Amino acid sequence: MATLSNREIADTFETVADMLQIKGEIIHRVLSYRRAGEAIRELPRDLHMIASEGKLTEIPGIGDTLAAKITEMLETGKLEFYERLTKEIPPGLVAIMRINGVGPKKAKLFWEQLNITTIQELEAAAREGKLRDLAGMGAKSELKVIEGIEALSRQTGRFSLGIALPAAQKILDQLLTVPGAIEGAIAGSIRRGKPTIGDVDLLVASDDATPIMDKFVHMENVARILGHGPTKSSVELLNGLQVDVRVLEKARWGTALNYFTGSQAHNIHMRELALEKGYSLNEHAFSPVDKDKNIIEDAPKILCATEEEVYATVGLPWIPPEIREDSGEIEAAKAGTLPNLIVIGDMQADLHMHTTWSDGVLSVREMAEAAKRRGRKYIVITDHSRSLGIANGLTIERLLEQQKEVRMVDAMMAPDFRVFHGTEMDINADGGLDFPDEILAQLDFVIASLHVSLRQERPQIMQRLLTAISNPHVDMIGHPRAQYIPDREPVDADMDAVFEAAKKHGTVLEINANPRRLDLEAQYVRRAIELGIPLSINTDAHAEDHMDLMPYGILTARRGWAEAKNIINTWSVERFVEWTTSRGK
DNA sequence: GCCGTTTTCGGCCCGACTGTTTTCAGTCG
């Protein structure tokens, strides 16, 4: 039977939303499909499982109608409603809407007036000058379409947080050198710690926007100016990254930072709360409204210089940016049950790293000292195992040889700092583990990870993962979904079953802090915590500077509502030793 | 199409910028 993944169903709903919008459906119906698509995309559980429990309508944004459509897709592999729509609206128009500056109205215009249904046809028409005479179009709009198509072909999709965050900081630092710039912040999805970034949102407080905007659009790495207004400008950088800058007065910093941090869903919820309190909220201020929700012009507005004031005005405590997704954080804030999210200072240890014994660039001693400089109290050396030839994986003989060196370094650095010996053992393609139990029993901490044959079918992947999770010597699964951002999709794993097994065997699941991984992702972190599964945040460092990637792991954990108590490497070394010992080492 | 200590019907967040317009529609976030 045809089976669809959460992602394919989310894609279908979002495509349906676009098609309905081209049709001119009322926007709220369109948004329902779009919101449902987003909700499904972020779901930590398989829709099959939720459907079999009859709980589809418990997903926020899914009612009876959409639940029935999900069920239809799960059972038949397709959606009749979508099939019908494709006969009415050419699917190519959905792709045309991805061009910057082209929305549903223009897509429909090009289609109805010129019978254009693909990006290729649109580009040809634009180059022949056929678009400029259409109603509402002109020579400039025609040029924008061409530029938009060129930009689209350059685009490599979303950027990883590890690329976007440093780039954003660099630009912000430049803008803050402009005289009159008082304060700056990175807002948007970077501030919320999302693993992939669509565009960069920067905020600068100043009484004079002009010089800041000028500096911004004339930076040397700007490929194209997308907009240049008095308070807001946008550019596309040479690497394709889009950056937006807003300049505002310091007195409105709180509302602005809150608004531009998002998420959009969180903002909408905040504005609804504001209306309940008798105010219209925007990025500038709270404005008193009458009972028809019209702004009372001469009534004094409330300006907020800090985010704390914004939340206080709607009767809430400040909510950390990482959980502003309208996924329960506002309800938790109301109830006084916001989590006490983990911070970098809670981290006592790094349990996953590599040395020159396999594919790292520093010795055991050098890694230990690098970790100590960063305030860690203990580490585990976990080089690759024998089957991973490309990474110079350790044979049993070399592993035991390495253990002597680790013990020596540990003796040198103790008691202030401890170095333990472990492995990052491959879970082989045939489902076997790369070291026998009697060898694993001699190690302090055992990670098992998937590195090869990642495109296997779900039954093979699950057999491998469950073998590793249930082995009594395996303490942790490294980067459990084996994704690589943005190029490689995660393995096809049944995460419900992974969680069930991890819970049963007390096996730790890793939050790999490398920004190319960030695996587990936040929605799975949150689910694992709900189920009481121990987690760990590690850098997987292959060099000294990789140890500085820990904050990315912290961001991901915070997005998953993690507190220090959920993360085992916040433990003292004594507790860690006690725990590994209790696991039969 | 969703949702409900204001509602099972009637609501559903808000503004900046652009390009085409003579006062605003479309797009984006």
Side-chain angles (χ1 to χ4, degrees), chain A residues 13 16-17 20-22 24-37 39 56-70 81 96-110 131-145 147-148 187-189 197-203 209 213 217 225-234 242-248 252 255-256 258-276 278-287 289 291-295 314 326 334:
Chain A
F13 278 163
V16 165
L20 290 176
Q21 204 174 3
I22 293 169
E25 265 290 351
I26 59 160
I27 192 65
H28 302 294
R29 189 175 178 215
V30 172
L31 290 175
S32 293
Y33 279 93
R34 201 157 284 153
R35 271 196 279 265
L56 287 174
T57 54
E58 289 181 19
I59 302 167
I62 306 289
D64 290 338
T65 307
L66 291 182
K69 288 185 162 67
I70 292 170
F81 179 56
I96 285 179
M97 282 174 62
R98 282 175 40 231
I99 301 165
N100 204 307
V102 179
K105 295 283 165 60
K106 286 193 178 161
K108 189 178 185 187
L109 178 76
F110 301 148
L131 301 186
R132 62 182 66 187
D133 298 326
L134 298 173
M137 293 286 293
K140 275 190 176 176
S141 306
E142 191 175 71
L143 187 62
K144 270 186 81 172
V145 168
E147 286 176 349
S189 48
I197 302 300
D199 54 24
V200 174
D201 288 296
L202 300 178
L203 242 57
M213 291 305 186
V217 300
I225 299 173
L226 303 170
H228 187 185
T231 65
K232 175 189 166 185
S233 295
S234 301
Q242 184 180 325
V243 186
D244 299 349
V245 168
R246 275 92 170 181
V247 181
L248 53 123
R252 302 175 191 271
T255 41
N258 181 238
Y259 176 73
F260 291 116
T261 297
S263 66
Q264 193 181 22
H266 179 87
N267 287 350
I268 288 173
H269 203 152
M270 285 291 287
R271 288 168 172 200
E272 287 167 356
L273 287 186
L275 283 173
E276 287 173 23
Y279 298 101
S280 169
L281 170 62
N282 63 24
E283 59 266 50
H284 306 294
F286 286 90
S287 306
V289 291
K291 61 181 188 307
D292 295 325
K293 297 178 184 172
N294 296 312
I295 291 175
V314 295
D326 194 25
K334 268 186 191 164

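Small disclaimer: the values here were computed from a predicted structure and weren't measured. Proteins come first, then strands; the chains are lettered A, B, ... in the order of their sequence lines, and each starts at number 1. Any value given below was found using the heavy atoms of this structure, including those in side chains, with hydrogens, waters and symmetry copies removed.
A sub-4.0 Å separation between OP1 or OP2 of dC17(B) and a side-chain N or O of S234(A) is absent. Put simply, R271(A) has no side-chain N or O that comes within less than 4.0 Å of OP1 or OP2 on dC13(B). Within the structure, a side-chain polar atom (N or O) of S141(A) is placed less than 4.0 Å from OP1 or OP2 of dT20(B). Put simply, H228(A) has no side-chain N or O that comes within less than 4.0 Å of OP1 or OP2 on dA16(B). Proximity of K232(A) to the phosphate of dT18(B): no side-chain N or O atom is located under 4.0 Å from OP1 or OP2.
Counting only heavy atoms from C-beta on, P104(A) has its side chain closest to dT27(B) among dG1(B), dT27(B), dC13(B). In the set dT27(B), dC13(B), dG29(B), dG29(B) carries the atom at the smallest distance from any side-chain atom of Q242(A). Candidate nucleotides dA16(B), dC14(B), dG29(B) were compared by shortest atom distance to the side chain of N282(A), and dC14(B) ranks first. For K106(A), the listed nucleotide lying nearest its side chain is dG26(B); candidates were dG26(B), dT18(B), dC14(B).
Nearest-nucleotide assignment on DNA chain B puts the 5′-proximal partner with G61(A), out of G61(A) and E142(A). Comparing G103(A) and A139(A) by the nucleotide of DNA chain B whose heavy atom lies nearest to each, the residue mapping closer to the 5' end is A139(A).
Rounded to the nearest 0.5 angstrom, D244(A) CG and L202(A) CG are separated by 8.5 Å.
Within the 4.0 angstrom heavy-atom criterion, no nucleotide atom of any strand lies near L31(A). A265(A) comes within 4.0 angstrom of nothing in the nucleic acid, heavy atoms only. Among the protein residues, E283(A) comes within range of the sugar-phosphate backbone only, with heavy atoms under 4.0 Å from sugar or phosphate atoms but none that close to a base. Here Y259(A) lies in heavy-atom contact (under 4.0 Å) with a base. Residue K69(A) is classed as a sugar-phosphate contact, given heavy-atom separations below 4.0 Å to backbone atoms only. Nucleic acid contact for V30(A): none, since no nucleic acid atom lies under 4.0 Å from a heavy atom of the residue. Here M270(A) lies out of heavy-atom contact (under 4.0 Å) with every strand. Nucleic acid contact for S280(A): sugar-phosphate only, since backbone atoms but no base atoms lie under 4.0 Å from a heavy atom of the residue. Within the 4.0 angstrom heavy-atom criterion, only backbone atoms of the sugar-phosphate kind lie near I99(A); the bases stay farther away. N267(A) comes within 4.0 angstrom of nothing in the nucleic acid, heavy atoms only. Among the protein residues, H284(A) comes within range of the sugar-phosphate backbone only, with heavy atoms under 4.0 Å from sugar or phosphate atoms but none that close to a base.
Following rounding to the nearest Å, I27(A) (CD1) and dG29(B) (P) show an atom-to-atom distance of 15 Å. What separates CG of L202(A) from P of dA16(B) is a distance of 19 Å, to the nearest Å. The separation between E272(A) atom CD and dT7(B) atom C1' is 14 Å, rounded to whole Å. Taking atom OH of Y33(A) as the reference point, atom P of dG1(B) lies 4 Å away to the nearest angstrom. Atom P of nucleotide dC12(B) and atom CG of L273(A) are separated by 15 Å, given to the nearest angstrom. With rounding to whole Å, R34(A) atom CZ is found 12 Å from dT27(B) atom C1'. Nucleotide dC13(B) holds its P atom 12 Å from the CG atom of D326(A), rounded to whole Å.
Between the P atoms of dT7(B) and dC12(B), the separation comes to 15 Å (whole Å). Remark: the separation of the P atoms in dG26(B) and dT21(B) is 13 Å, to the nearest Å. Here, dC2(B) and dT8(B) have their C1' atoms 12 Å apart, quoted to the whole Å. When the P atom is used for both dG4(B) and dC13(B), the distance is 15 Å, rounded to whole Å.
When every heavy atom of V245(A) is checked against every heavy atom of M213(A), the shortest pair comes out as O-CE, 3.6 Å. Residues S189(A) and D199(A) approach most closely at OG-O, 4.3 Å, considering heavy atoms. Considering all non-hydrogen atoms of both residues, N267(A) and N258(A) come closest at OD1-O, 3.6 Å.
Using a distance-only test at 3.5 Å, with no hydrogens or angles considered, no donor-acceptor pair links the side chain of R132(A) to the main chain of E142(A).
Cation-pi contact between K69(A) and F81(A): present, with separation from the ring centre below 6.0 Å and deviation from the ring axis of at most 45°.
The nucleotide dT8(B) finds no pairing partner, because no Watson-Crick or G-U wobble arrangement with both distances shorter than 3.5 Å includes it.
No more than 12 heavy atoms of other residues, nucleotides or ligands sit less than 6.0 Å from atom OH of Y279(A).
Side chain to side chain, D326(A) and H269(A) meet the donor-acceptor criterion of an N or O pair below 3.5 Å.
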